[in-house]
Amino acid sequence: MAASPKIYHGNFTPLPDADLAALIDAHPKPSSISHYSYGTAGFRYEASLLPCVFVRMGIFAALRSASLGGEEVGAMITASHNAEPDNGMKLA
C-alpha cells in the first residue's frame with residue numbers, strides 16, 4: 001500500500017502561545033462537567049458541551065501532525081441520527 005502524502009512542507013508557523021491560550025480561554029469547559037472521558041466512541045456528549053473539546057482536540061491534532069513531520073492526524077466530528085448525547089469527536 002502506498003504511503004499517504006505528507007501535508008507538512010516545512011513552512012508551518014505555529015500560533016504564538018498567547019494566541020493559543022486566548023483560543024482555549026474563549027471556549028471554556030462548562031462548569032457542569034468535572035472532566036470529559038474518552039472511550040472507544042471518542043468524546044460523546046450533548047452537542048452544547050462539545051465546543052471546548054473541538055477546540056482543544058483541533059489544537060492537539062495540529063501539534064501531533066507537526067511533531068510527526070506532517071503526518072496526517074484524523075479528527076472526526078460525529079453527528080448521529082440518534083439522540084443528541086450520541087454526538088461527539090474522535091481522533092485517529
Side-chain angles (χ1 to χ4, degrees):
M1 175 179 261
S4 296
K6 293 190 186 309
I7 58 173
Y8 176 71
H9 301 290
N11 58 359
F12 171 74
T13 304
L15 285 174
D17 290 347
D19 291 350
L20 285 175
L23 182 61
I24 291 169
D25 290 344
H27 298 86
K29 179 178 70 64
S31 60
S32 61
I33 300 286
S34 62
H35 69 279
Y36 286 92
S37 60
Y38 187 93
T40 57
F43 292 102
R44 190 163 273 203
Y45 293 88
E46 178 188 337
S48 67
L49 301 174
L50 290 171
C52 68
V53 171
F54 293 166
V55 168
R56 286 160 177 77
M57 291 300 96
I59 292 169
F60 175 79
L63 293 172
R64 179 70 175 144
S65 176
S67 76
L68 295 172
E71 290 291 328
E72 296 169 351
V73 175
M76 178 174 51
I77 308 297
T78 61
S80 178
H81 60 278
N82 297 318
E84 276 192 15
D86 287 336
N87 293 311
M89 180 174 194
K90 294 180 181 183
L91 293 177

**Request:** Taking all non-hydrogen atoms of both residues into account, name the closest pair between Ala61 and Leu91 and its distance.
**Result:** CB-CD2, 4.4 Å
**Fill in**
CG of Asp25 to CG of Leu20, rounded to nearest 0.5 Å, is 11.0 Å
**Prompt:** Is there a side-chain contact between Lys29 and Tyr36 (heavy atoms, below 4.5 Å)?
**Reply:** yes
**Asked** Is the backbone of Phe60 close enough, under 3.5 Å, to the side chain of Arg64 for a donor and an acceptor to pair up by distance?
**Response** no
**Prompt:** Does the Tyr45 side chain pair with the main chain of Ile33, one donor and one acceptor, at a distance under 3.5 Å?
**Reply:** no
**Prompt:** Measuring from Phe54:CZ to Ile77:CD1, what's the distance to the nearest 0.5 Å?
**Reply:** 4.0 Å
**Prompt:** Looking only at heavy atoms, which two atoms of Cys52 and Pro28 are closest? And how far apart?
**Reply:** CB-O, 3.6 Å
**Request:** Can you measure from CG (Leu49) to CZ (Arg44) and round to the nearest 0.5 angstrom?
**Result:** 14.0 Å
**Prompt:** Between Ala75 and Met89, what is the shortest heavy-atom contact and its length?
**Reply:** CB-CE, 3.8 Å
**Item:** Backbone N/O of His27 and side chain of Arg56: donor-acceptor pair under 3.5 Å
**Value:** yes
**Message:** Around atom CG of Asp17, are there more than 12 heavy atoms from other residues, nucleotides or ligands closer than 6.0 Å?
**Reply:** no
**Prompt:** When rounded to the nearest 0.5 angstrom, what distance separates CG in Leu23 from CD1 in Ile59?
**Reply:** 4.5 Å
